[in-house]
Amino acid sequence: MRLSKSLFVTLREEPAEAEIPSHKLLLRAGYIRRIGSGLYAYLPLMWRVLTKVRQIVKEEMDATGAQECLLPQLQPAELWQQSGRWDTYTQAEGIMFAFTDRQKREVALGPTHEEVITAVARDLIKSYRQLPQHLYQIQSKFRDEIRPRFGLMRGREFIMKDGYSFHADTESLKATYTDMHQAYCNMLTRCGLKFRAVDADSGAIGGSGSQEFMVLADAGEDDVMYTADGNYAANVEKAVSLAPDAVASTFTSYEVKDTPNTNSINKLVKFFECDPTLIVKNVLQQAVYDNGKTVLVLISIRSDREVNQVKLTNELVKLAPNYGAKTVIALEVPDGIAIDKWAAKPLPLGYIAPDLGNEYIMASPNVHPQFLRIVDATAASLTNFITGANDTGKHVVGANWGTNFPLPAVNVDIQKALVGDRASHDPTQLLETARGIEVGHIFQLGTKYSQAMGATFTNEQGEEQPLVMGCYGVGVSRLAQAAVEQSYDKDGIIWPVAIAPYHAIICVPNISDAQQMEVAERLYAELNQMGVETILDDRDERAGVKFKDADLIGIPFRIVTGRSLKDGKVEVVQRATKQSQDIAVESVGAIIKEWIVNSGQ
């Protein structure tokens, strides 16, 4: 590529719209251009990066025996209604672009393709002899983000690899899941990225087990919890831990105490001069199911711990059939306005006990008449604890489950794991944290979609069984920006060699100097012929401008046809280290080629 003939525009000032370094740099360096909220044009340099990422992903997928296909981006609503996810994606999460076509049919732009691929499998896979099957595609996806931000990290249109496997049993699924774990590790390693595979929540996709692949970066949107021994890593939404041991209670008998102005945990701790591990706090939340039913959830948890909303949502989804529903579409701590809609009388906020009476709920066809009571394991194990008395200005001390309060039937882990907590797999290990950018996610879906959509096969015994499924995604455009977020400096981008748009850039300080141009042209031809992808900066610009642009766009190797030519040499600068050396013109190609090979490409 000759820069003098290219659409190449760089910016000196940081764009006001950009918040994180990678977004700023991709805009400044002319890789992307904002077209609308969450919508970006991939300019020539960016497309070369994406093409290289796509190729690495494709090679690793093909190596596992997966078959590439292409599925429609426009999807009929009835498929999503069959799976039960239409309301979740259009109402609860609200992330799907859904509309009605001219024939009055509801359709949507696909954020993912589980329903479409399950419909294909339902029609084409009939026998165990056809299994397993694994199909994947690489194409654009769409999400109606409430707040598109961070450039390609959270856009409304993005490029993704999504794959889906079909199996006769879970053993076969687990084998493919293991293959995908290795394939994803290979992809990220080949892309030159530092990453961590972590246990994750399956979210709206569903299924039993899942793992996220996190590129480690300070600007990551996700917190990764891990242990130094390398035996545990999980997204904070999924992380489990052992809470610190509770301090022994000094209260030996049950008693109601006047505790004026103690409607917060901090005030209560000061009032009793006690440790917060002795207190059970009772948190009220409001869940709305997909059938419109509101369920009021009373959570008892140790006061030094916080509720993990994702874990809580998962538990509520499990209980959905009890309320004639399939999923949760909203979950929140109700404010005063929300409480007024269902409260039969004023609540003793700040003084609620685990046995808050159902008489506080006003009779209504849309509100379940009883509190759903959930206790976290941290609270369930306490004895002689302090908690509310259901009376403003009063608490009880020396309380016990089974004696003073019924232990809720739903006794689960819904606490948020914290840095410094002991690890469940080894209490001598403490949880540490890092920031990560999710670029890949693999799921063991099981039969969630096949059962809902009637995708079955005949097994060896002639019995009809639902297909067992897996799902595997890689954010191609997100991965490309994550690479920038992980590797840059004050001067610009530092691309890993494997996914850099070009390997080398030749800067001609003075295009009027015949010798500089002659050597530059010769090297440009030789390097490209050798497979060293090379840019020739033959613009009529000052040398300083060219050097700044070369650093900004992050090309791994810069070749300068300058003063060293008098000795038959050119200056070669490695972008990642800023190391510079003079190399004989005739040796440049072989040396850079070796550097590329040694970089792991």
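None of these values were measured; they are calculated from a predicted model.
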Roughly how far, to the nearest 0.5 Å, is the [atom2] atom of [Y] from the [atom1] atom of [X]?
X	Y	atom1	atom2	result
Lys311	Ile414	NZ	CD1	9.0 Å
Ile117	Gln137	CD1	CD	7.5 Å
Glu19	Phe150	CD	CZ	5.0 Å

Positive for side-chain contact (heavy atoms from CB on, under 4.5 Å) with [X], one of [options]:
X	options	value
Phe213	Met187, His181, Arg196	His181
Trp86	Glu106, Glu78, Glu115	Glu106
Leu284	Val297, Ile299, Leu347	Leu347

Q. Passes side-chain contact (heavy atoms from CB on, under 4.5 Å), Tyr136 versus Lys161? Steps please.
A. CA-CA 7 Å; Tyr136 78 95; Lys161 188 285 296 182; 3.9 Å; yes
Looking only at atom types and distance, does a side-chain atom of [X] sit under 3.5 Å from a main-chain N or O of [Y], one as donor and one as acceptor?
X	Y	answer
Ser83	Trp80	yes
Thr189	Cys185	yes
Ser127	Arg129	yes
Asn459	Glu463	yes

When you check the side-chain N and O atoms of [X] and [Y], is any donor under 3.5 Å from an acceptor?
X	Y	result
Glu60	Asn186	yes
Gln133	Gln67	yes
Thr327	Asp290	no
Gln55	Arg190	no
His368	Thr294	no
Asn358	Tyr360	no

Minimum heavy-atom separation for [X] to [Y], with atom names?
X	Y	result
Gln139	Leu71	NE2-O, 2.6 Å
Met153	Ile437	CE-CD1, 3.3 Å
Ala119	Met453	N-CE, 4.3 Å
Ala500	Val49	C-CG2, 4.5 Å

Q) Can you check whether Lys194 reaches Gln486 side chain to side chain, under 4.5 Å on heavy atoms? A)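 Side chain of Lys194 against side chain of Gln486, heavy atoms only: contact under 4.5 Å found.
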Q) Considering residues at least two apart in sequence or located in another chain, which fulfil the side-chain contact (heavy atoms from CB on, under 4.5 Å) criterion with Gln103? A)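 Partners of Gln103 under the side-chain contact (heavy atoms from CB on, under 4.5 Å) test: Asp101, Arg105.
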Q. Among all residues two or more places apart in sequence or in another chain, which pass the side chain to side chain donor-acceptor pair (under 3.5 Å) test with Ser22?
A.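 Gln481, Glu485.
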Q) Hey, which of Tyr177, Tyr472, Phe166 is the one that makes ring-ring contact (aromatic ring centres under 6.0 Å, His included) with His134? A)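 So the option named by the test is Tyr472.
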**Q.** Pairs flagged by ring pair (Phe, Tyr, Trp, His ring centres under 6.0 Å) wherever residues 32-79 is involved - sequence neighbours left out
**A.**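 For residues 32-79, and leaving out neighbouring residues, the ring pair (Phe, Tyr, Trp, His ring centres under 6.0 Å) pairs sorted by first residue read His23-Tyr40.
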Before accepting this row, confirm whether a basic side-chain N of the pair [X]/[Y] lies closer than 4.0 Å to the acidic partner's carboxylate O.
X	Y	value
Arg156	Glu145	no
Glu13	Arg28	no
Lys326	Asp87	no
Asp222	Arg435	no

**Q.** Step-by-step side-chain contact (heavy atoms from CB on, under 4.5 Å) determination, Met469 to Ser165
**A.** CA-CA 5 Å; Met469 293 176 58; Ser165 63; over 6 Å; no
**Q.** Test log, rule ring-ring contact (aromatic ring centres under 6.0 Å, His included), inputs Tyr289 and Tyr323
**A.** CA-CA 8 Å; Tyr289 283 96; Tyr323 305 102; 5.4 Å; yes
Q: Could you walk me through whether Lys318 and Glu315 pass salt bridge (charged side-chain N to carboxylate O under 4.0 Å, His left out), step by step?
A: CA-CA 5 Å; Lys318 291 178 187 176; Glu315 294 301 328; 3.3 Å; yes
